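Here's the structure, in structure tokens; my notes come after.
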Amino acid sequence: MALRIATWNVNSLRVRLDQVLAWLDAQRPDVLALQEIKLSDEQFPVAEIEEHGYHSVYAGQKTYNGVALLARRRPEAVRREVPGLDDPQKRFIAATIEGVRIVNLYVVNGQAVGSEKYAYKLRWLDAVHAYLVKEVEAGRPLVVLGDFNIAPEDRDVYDPQAWRERILCSTPEREALARLLATGLEDTYRRLDTESGGYTWWDYRAAGFRRDHGMRIDLILASRALADRCTRCTVDREPRRAERPSDHAPLIAEFSTAD
DNA sequence: ATGGTAGAACATCTA
């Protein structure tokens with residue numbers, strides 16, 4: 001048996017719903033974490049997703065942000081706020097699904113190094129770090145996944161020289177990500193693949209996808225014992241080739257289960 | 001050369 005857990009920044013669930021439903025039908029993951037759903041809770045397509053065999057829990061917001069967890073089994077102990085952070089932006093949802101604590105993050109982009117949004121990004125990551133320290137201490141299997149808006153290393157960037165110390169690649173951002181990992185989490189993609197870029201995002205502009213000008217900024221992290229059971233972590237580029245694609249591709253990890 | 005595209009409040013903001 002195996003547990004398959006995926007993440008996808010869909011850049012508007014309204015626009016991408018048919019693509020998401022088709023992908024669920026094709027891949028049948030146990031869990032799909034969505035970011036940038038860009039719709040309010042009242043607008044969330046609960047019924048359509050249910051018709052495809054998935055429960056939904058969500059933290060929606062009009063126009064910007066918004067995150068959700070879709071799961072074949074009912075999510076429990078749902079949390080929609082980063083503890084200790086007074087934040088009107090909906091970027092966090094956590095739930096327990098099939099005994100695994102799942103934390104879905106849409107990390108702040110930050111716009112430009114040194115900007116107000118950049119300071120907010122680092123504050124936001126600090127609050128998430130404090131929360132993850134407690135979640136790791138609890139000792140349950142833990143998965144932290146989503147759009148991290150940080151390329152962990154230069155090998156995760158198509159042109160590291162051009163991006164040096166720019167947003168998504170700056171040293172303070174990478175250090176903040178390293179602190180999240182240091183709570184006791186492993187990057188499942190890197191654990192299994194030390195060579196290829198594994199890009200998950202390509203800019204809509206300047207033919208980014210056609211030229212493979214990408215970055216690996218969507219991640220699936222797992223607590224150590226769970227990471228030991230990770231057998232696969234792959235980017236599915238197929239939806240990025242579709243008509244009206246999201247600028248992100250889905251990432252899917254598979255974990256073998258003991259029984 | 002600081003551009004380009006996409007999605008949302010459809011005028012600017014965010015990414």
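What's counted below: heavy atoms across the whole structure, side chains too, no hydrogens, waters or symmetry copies. Small disclaimer: the values here were computed from a predicted structure and weren't measured. By convention in this document, chain letters (A, B, ...) are assigned in the order of the sequence lines, proteins followed by strands, and residues within each chain are numbered from 1.
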Open item on the list: Can you tell me if Arg91(A) touches the phosphate of dA15(B), counting only side-chain N or O atoms and a distance under 4.0 Å to OP1 or OP2?
Closed with: yes
TODO: Measure the distance from NE2 on His248(A) to C1' on dA15(B) and round it to the nearest whole Å.
DONE: 8 Å
Open item on the list: Return whichever of Ser12(A) or Ala206(A) has its heavy-atom-nearest nucleotide of DNA chain B closer to the 5' end.
Closed with: Ala206(A)
TODO: Figure out the CZ/C1' separation between Arg14(A) and dA6(B), and round it to whole Å.
DONE: 14 Å
TODO: State whether the number of non-hydrogen atoms from other residues, nucleotides or ligands found under 6.0 Å of Arg28(A) atom CZ is greater than 12.
DONE: yes
Task: Beyond-backbone contact of Tyr120(A) with Asn109(A), side-chain heavy atoms, under 4.5 angstrom - done: no
TODO: Measure the distance from CZ on Arg205(A) to C1' on dG7(B) and round it to the nearest whole Å.
DONE: 13 Å
Task: Interatomic distance, Tyr64(A) OH vs dA11(B) C1' [rounded to whole Å] - done: 10 Å
Task: Euclidean distance, atom NZ of residue Lys62(A) to atom P of dA8(B) [Å, nearest integer] - done: 13 Å
Open item on the list: Please tell me if Arg244(A) has a side-chain N or O lying less than 4.0 Å from either OP1 or OP2 of dG7(B).
Closed with: yes
Open item on the list: Taking any heavy-atom pair under 4.0 Å as a contact, classify Phe209(A): base, sugar-phosphate, or nothing.
Closed with: nothing
- [ ] For the residue pair Phe44(A) and Tyr58(A), categorise the inter-ring angle as parallel (less than 30°), tilted (30 to 60°) or perpendicular (more than 60°).
- [x] parallel
- [ ] With P as the reference atom in both, quote the distance from dT12(B) to dT2(B) in angstrom, rounded to an integer.
- [x] 23 Å
- [ ] Sticking with atom P, work out how far dA1(B) lies from dA15(B), rounded to a whole angstrom.
- [x] 28 Å
Open item on the list: Is Arg16(A) close enough to dG7(B) that one of its side-chain N or O atoms is under 4.0 Å from OP1 or OP2 there?
Closed with: yes
Open item on the list: Regarding Tyr189(A) and Thr234(A), do their side chains bring together a donor and an acceptor under 3.5 Å, going by distance alone?
Closed with: no
Task: Carboxylate-amine/guanidinium proximity below 4.0 Å for Asp228(A) and Arg191(A) - done: yes
Task: Atom pair distance, as rounded to whole Å: CG in Asp203(A) and C1' in dG3(B) - done: 11 Å
Task: Nucleotide dA15(B), atom P - distance to OH of Tyr120(A) in whole Å - done: 9 Å
Task: Residue-phosphate contact under 4.0 Å: Lys117(A) side-chain N/O, dT14(B) OP1/OP2 - done: yes
Open item on the list: I need the CH2-C1' distance between Trp201(A) and dT5(B), as an integer number of Å.
Closed with: 11 Å
